[in-house]
Amino acid sequence: MHALLELVARHTRGDGAGIPSICCAHPLVLEAALRHARRHALPLVLIEATCNQVNQDGGYTGMTPADFVAFVGDIARQVGVDRARIALGGDHLGPNPWTVLEAEAAMAKAETMVAAYVAAGFRKLHLDCSMACADDPVPLPEATIVERAVRLCRAAEAAHARAGGEPPVYVIGTEVPVPGGATEAIEGLAVTAPEAALATIEAHRDAFAAAGLQAAWTRVIASVVQPGVEFDHHQVIDYVPAAARALSAAIEQVPGLVFEAHSTDYQTPDTLAALVRDHFAILKVGPGLTFALREALWALDAIEREWIAPDRRAQLRETALARMRAQPGHWQRYYHAQGEALTIDLQYSLSDRIRYYWPDPAIEAACQQLFANLRQSPPPMPLVGQYLPQALRALRTDRAPLDPAALVMAHIAIALDDYRHACVPDAQS
């Protein structure tokens with residue numbers, strides 16, 4: 001993955017380069033990201049899938065790694081973005097989907113998964129074995145976490161030897177919530193101690209060397225730490241540069257590495273820029289983009305209520321809420337409110353558990369009907385402006401038609417622009 005190695009090298013030389021990592025499998029979000037990249041001539045788009053979204057068993061998207069690669073490739077062809085400009089990554093790759101199994105069985109599944117990711121064409125791999133399996137102590141000892149990361153790296157290197165092409169780059173470290181986000185409200189958030197960050201890097205470096213993986217170590221580009229950013233259902237913990245100053249300085253002692261910051265969703269443009277400046281050069285974002293997707297869909301639902309006859313309305317919002325209540329598996333561990341407060345969380349929580357429900361056939365059908373209604377009977381511009389003013393402005397600037405899908409993607413692009421300005425030195429509007 002020469003493009004990511006080059007980006008990290010540029011950052012460590014002091015040019016301020018960074019990159020957002022788009023962790024999402026929704027087609028409209030990915031299309032919005034690729035259209036945004038094409039419009040601004042971005043040289044590289046980093047798209048990642050988590051171990052829970054995509055694995056050899058299908059994950060919650062129903063996609064294997066090869067399926068996801070084809071899925072992204074299809075969208076890229078439709079948009080007109082060269083596949084060579086897209087870097088694909090695997091996030092939290094480890095035993096997390098199979099922690100109900102004993103460790104040996106879960107790790108065997110994880111090794112198979114990592115090999116499948118590499119064989120399919122993923123070339124950025126976050127090795128995360130921090131979660132305890134059925135027969136593990138809690139918390140899992142650091143030495144065990146490192147040992148298991150080495151196992152996955154060995155599996156990835158063997159898969160690359162068979163597949164050929166550019167060798168994978170790696171991300172280590174795990175000081176973030178498990179895939180899917182925090183399950184409770186945040187009451188305190190500690191920035192990773194510089195000594196702990198450096199010790200994690202040293203432990204992995206030594207273990208890679210002991211396993212004969214020195215060549216792979218030269219392709220470790222980042223370590224995951226906690227810079228003091230997070231969100232729960234109702235609040236965002238914003239980045240405070242002063243609190244992370246010592247941590248930021250610590251990575252300067254490690255040639256060729258930057259930090260990867262998870263849960264940067266909902267940060268302000270200024271805090272995103274400060275993160276990149278302070279060597280958190282890879283910014284993970286996922287729920288923040290699907291939250292923008294939901295905002296835009298709810299805005300279109302509101303437009304439909306004012307513009308389309310009652311007997312023709314798609315009733316997307318009502319359909320989505322009904323399906324979430326009928327199938328609570330994706331949110332009941334996270335949302336504990338009742339009554340109207342629960343209704344608010346189901347729709348508006350920053351954790352955005354609704355993102356798991358967009359593929360539901362009933363919800364997808366309602367979404368397509370909503371789009372069809374607004375295409376058949378286009379609403380007047382002032383009504384669109386009432387609910388999606390920034391998206392409307394963006395489409396008018398580009399002289400693009402006010403198609404409902406285009407409005408949704410323009411709204412998502414507003415969030416993407418915050419990341420572009422943070423990551424691209426001297427980015428223009």
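Any value given below was found using the heavy atoms of this structure, including those in side chains, with hydrogens, waters and symmetry copies removed.
When the shell of 6.0 Å around CD of Q368 is examined, it contains more than 12 heavy atoms from other residues, nucleotides or ligands.
Under the 4.5 Å side-chain criterion, counting only non-hydrogen atoms from C-beta, D91 is not in contact with C51. Annotation: side chain of Y419 is not in contact with side chain of L289 (no heavy-atom distance under 4.5 Å). Taking the side chain as every heavy atom from C-beta outward, Y334 and S351 never approach each other to under 4.5 Å. Between I414 and I412 the shortest side-chain heavy-atom distance does not fall below 4.5 Å. Between D278 and P227, every side-chain heavy-atom pair lies at or beyond the 4.5 Å cut-off. For the pair L300 and F371, the minimum side-chain heavy-atom distance is below 4.5 Å. In this structure the side chain of P97 never reaches within 4.5 angstrom of the side chain of H92, judged on heavy atoms. Looking only at side-chain heavy atoms (C-beta outward), H126 and H262 come within less than 4.5 Å of each other.
For the 3.5 Å distance criterion, the side chains of T61 and Q53 fail to qualify, holding no donor opposite an acceptor. Using modelled atom types and a 3.5 Å distance limit, the side chains of Q390 and H411 yield no donor-acceptor pair. Side-chain contact of W307 with N373: a donor-acceptor pair under 3.5 Å is absent, judged by distance alone. T343 and R325 share a donor-acceptor pair across their side chains, judged by distance under 3.5 Å alone. Side-chain polar atoms of T50 and N52 form no donor-acceptor pair below 3.5 angstrom.
Between E318 and R305 there is a salt bridge, with a side-chain nitrogen of the basic residue lying less than 4.0 Å from a carboxylate oxygen of the acidic one. The residues E48 and K284 are annotated as salt-bridged, a charged nitrogen and a carboxylate oxygen being separated by less than 4.0 angstrom. A salt bridge links R35 with E31; the closest basic N to acidic carboxylate O contact falls under 4.0 Å. Under a 4.0 Å N-O distance rule, the pair R13/E6 does not qualify as a salt bridge. Remark: E260 engages K124 in a salt bridge, criterion side-chain N to carboxylate O under 4.0 Å. At a threshold of 4.0 Å, the pair D301-R294 does not count as salt-bridged, since none of the basic side-chain nitrogens sits closer than that to a carboxylate oxygen. A salt bridge does not link D82 to R85: none of the charged nitrogens lies less than 4.0 Å from a carboxylate oxygen.
Summarising the geometry, atom CD belonging to Q315 is positioned 12.5 Å from atom CD1 belonging to I308; distances are rounded to the nearest 0.5 Å. Atom OH of Y266 sits about 13.0 Å away from atom CG of D238, to the nearest 0.5 Å. The line from CZ of F231 to CG of D352 is 8.5 Å long, rounded to the nearest 0.5 Å. Interatomic distance, N55 CG to Y117 OH, rounded to the nearest 0.5 Å: 6.5 Å. Interatomic distance, CH2 of W331 versus NE2 of H233, reported as 11.5 Å (0.5 Å rounding). Taken to the nearest 0.5 Å, the CG atom of D403 stands 4.0 Å off from the CZ atom of R375.
Of the listed residues (L127, V114, V220), just one forms a side-chain contact (heavy atoms from CB on, under 4.5 Å) with C153, and that residue is L127. Just one residue in the list I221, L275, T264, V224 forms a side-chain contact (heavy atoms from CB on, under 4.5 Å) with I282, and that residue is I221.
Under the 3.5 Å distance criterion, the side-chain polar atoms of S377 are left unmatched by any main-chain donor or acceptor of L374. In terms of modelled atom types and a separation under 3.5 Å, the side chain of H40 and the main chain of L42 share no donor-acceptor contact.
A centroid separation of 6.0 Å or more is found between the aromatic rings of F291 and Y348.
R323 forms no cation-pi arrangement with Y357, by the criterion of a distance under 6.0 Å to the ring centre and an angle within 45° of the ring axis.
Under the rule for a side-chain hydrogen bond (donor to acceptor under 3.5 Å, both in side chains), D135 has no partner lying at least two apart in sequence or in another chain.
The two residues G173 and T200 come nearest to each other via the heavy atoms CA-CG2, 4.3 Å.
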